[in-house]
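Here the structure comes first, spelled out in structure tokens, and everything after it is commentary.
Below, each value reflects all heavy atoms present in this structure, side chains not excepted, and no hydrogens, waters or symmetry copies. Numbering starts at 1 and runs along the sequence shown. When a ligand or atom number is given, it counts from 1 through the structure's own listing order.
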Amino acid sequence: MDLVEAIKARKSIRGYHVDPVPQEILREILEVAVRAPSADNSQPWEITVITGKILKDIAEANMEALNSGRPIAPDVTHKPYEGIYRKRQTEVGKKIFELMDIPREDQGKRTAWISRGFRFFDAPAAFILAADESLDPTRAASDIGGIAQTICLVAQKYGLGTCIASQGVLYADIVKQFTKIPKTKKIYWCITIGYPDWDFPANQVKTDREPLQVNTTWLGFNE
Ligand SMILES: Cc1cc2nc3c(=O)[nH]c(=O)nc-3n(C[C@H](O)[C@H](O)[C@H](O)COP(=O)(O)O)c2cc1C
């Protein structure tokens with residue numbers, strides 16, 4: 001697949017076939033993805049790849065915590081979006097809810113959809129992305145973002161779909177309990193991965209991007 005085609009084709013996949021992803025393929029993806037740049041070549045990413053029983057156990061423990069009303073406790077937090085950012089966030093949600101036939105007022109269906117994220121969208125495998133707590137979190141987040149996108153792009157070579165997701169790791173202590181990721185590591189996000197179920201309605205979502213003039217300034221041209 002051509003690079004530009006791969007970038008354009010990548011999208012978040014939230015419905016997967018149950019087929020497992022061979023470990024060798026996951027390894028090959030990571031071998032390439034670690035070529036991602038990082039600040040001062042610090043390579044802060046610490047990647048835990050989960051599948052099978054451990055993934056199921058974490059998903060179940062997440063669901064239990066969620067259903068009991070336990071507040072989420074992620075290692076990395078962010079401010080709520082406001083203004084245009086909030087608008088863009090709401091638009092994605094609206095599109096997905098429309099595709100999934102989840103009416104605004106149907107609290108049951110909305111909760112079921114949210115739970116799905118905490119179950120890693122029932123993907124057969126996931127990468128947990130962490131970095132040492134001693135690192136500057138802004139730099140680490142930027143570097144982890146770079147490798148995350150690279151993983152998602154390379155995965156397509158194998159017919160795999162991905163979704164970078166906070167939801168699966170919002171109870172960071174649960175993930176650490178099962179994976180034995182030390183407390184001294186901050187979990188940033190996970191990436192769910194598997195063979196896309198193209199009949200799953202949310203996979204049809206096409207998110208918008210602003211035209212370049214909204215967020216690009218050109219200086220020094222046509223002088
Ligand atoms: C850091 C990060 C965290 C994300 N967390 C979630 C998540 O918890 N649940 C989810 O459904 N999508 C999540 N996403 C996916 C975004 O919603 C998605 O990338 C965005 O809407 C653009 O859509 P696209 O990936 O299909 O182009 C996350 C993406 C990033 C980069």
Side-chain angles (χ1 to χ4, degrees), residues 3-16 33 36 38 44-47 50 55 58-59 62-63 65-66 71-81 84-100 102 109-123 126-131 137-156 160-172 174-175 186-194 196-198 200-211 214-215:
L3 178 62
V4 173
E5 249 177 66
I7 293 167
K8 287 186 173 170
R10 187 218 54 83
K11 64 193 304 200
S12 292
I13 294 298
R14 299 179 176 89
Y16 299 91
S38 60
W45 41 73
E46 297 192 24
I47 307 164
I50 54 173
L55 173 55
I58 297 171
N62 274 349
M63 295 293 294
L66 187 68
I72 54 167
D75 279 351
V76 292
T77 53
H78 66 87
K79 291 189 206 162
Y81 289 115
I84 181 65
Y85 310 107
R86 174 75 184 142
K87 185 169 169 274
R88 291 175 189 150
Q89 178 189 35
T90 316
E91 274 166 10
V92 184
K94 242 200 220 143
K95 281 188 179 185
I96 293 178
F97 280 14
E98 257 169 44
L99 286 163
M100 294 301 298
I102 304 174
K109 276 189 170 181
R110 288 172 80 99
T111 308
W113 175 257
I114 290 164
S115 313
R116 195 177 168 78
F118 283 79
R119 297 199 313 265
F120 301 87
F121 310 112
D122 297 332
F127 301 99
I128 310 291
L129 303 175
T138 312
R139 279 200 152 198
S142 156
D143 298 339
I144 288 180
I147 197 169
Q149 162 78 336
T150 312
I151 289 172
C152 296
L153 293 178
V154 179
Q156 296 178 104
L160 290 160
T162 53
C163 185
I164 303 173
S166 324
Q167 278 173 301
V169 298
L170 287 178
Y171 294 111
I174 290 180
V175 179
K186 273 182 198 285
I187 298 179
Y188 281 72
W189 311 291
C190 65
I191 305 177
T192 57
I193 185 162
D197 175 356
W198 291 114
F200 186 76
N203 287 346
Q204 302 309 322
V205 75
K206 180 94 185 89
T207 52
D208 297 325
R209 295 296 184 271
E210 298 289 356
V214 174
N215 38 29

I would like to know whether Phe121 and Ile13 meet side chain to side chain contact (heavy atoms under 4.5 Å, CB included); could you show each step before the answer?
-> CA-CA 9 Å; Phe121 310 112; Ile13 294 298; over 6 Å; no
Location of contacts on Tyr188 toward ligand 1, heavy atoms closer than 4.0 Å | neither
Which of the atoms in ligand 1, numbered in the order shown and given with their element, are less than 4.0 Å from a heavy-atom of Cys163?
-> 12 (N)
Quick one: does ligand 1 sit under 4.0 Å from the side chain of Arg88, the backbone, both or neither, non-hydrogen atoms only?
-> neither
So which heavy atom in the protein is nearest atom 9 (N) of ligand 1, and how far is it from that ligand atom?
-> Gln167 OE1, 2.9 Å
Shortest protein heavy-atom distance from atom 5 (N) of ligand 1, along with the residue and atom involved = Ser166 N, 3.0 Å
Between Trp113 and Phe97, what is the ring plane arrangement, given parallel below 30°, perpendicular above 60°, and tilted in between?
-> perpendicular
Could you find the nearest protein heavy atom to atom 19 (O) of ligand 1 and give me its residue, atom name and distance?
-> Ser12 OG, 3.4 Å
Rounded to the nearest 0.5 angstrom, the CG-CD1 distance for Leu66 and Ile114 is 8.0 Å
Do Ile147 and Ile47 come within less than 4.5 Å of each other through their side chains, counting heavy atoms only?
-> yes
Going by distance only, is there an N or O of Trp189 that falls short of 3.5 Å from an N or O of ligand 1?
-> no
CD1 on Ile193 to CD1 on Ile164, rounded to 0.5 Å | 11.5 Å
Closest non-hydrogen protein atom to atom 13 (C) of ligand 1, residue and atom name please, with distance?
-> Ile164 O, 3.2 Å
Touching ligand 1 at all, Arg209? Heavy atoms, strictly under 4.0 Å?
-> yes
Intermediate values then yes/no, side chain to side chain contact (heavy atoms under 4.5 Å, CB included), Arg116 and Asp122 | CA-CA 7 Å; Arg116 195 177 168 78; Asp122 297 332; 3.5 Å; yes
First locate atom NZ of Lys11, then atom CD of Gln156, and finally report the distance between them rounded to the nearest 0.5 Å.
-> 11.0 Å
Val92 heavy atoms within 4.0 Å reach ligand 1 at atoms 21 (O)
Just how far is it from atom CZ of Phe127 to atom OG1 of Thr162, taken to the nearest 0.5 Å?
-> 9.0 Å
Any N/O pair Arg14/ligand 1 closer than 3.5 Å = yes
To the nearest 0.5 Å, what is the distance between CD1 (Ile72) and CD1 (Ile174)?
-> 11.5 Å
Taking only non-hydrogen atoms of Lys11 and a 4.0 Å limit, the atoms of ligand 1 in range are 26 (O)
Numbered atoms and elements of ligand 1 in range of Ala165, under 4.0 angstrom, heavy atoms | 4 (C), 5 (N), 6 (C), 7 (C), 8 (O)
So is Arg10 in contact with ligand 1, going by heavy-atom distances below 4.0 Å?
-> yes
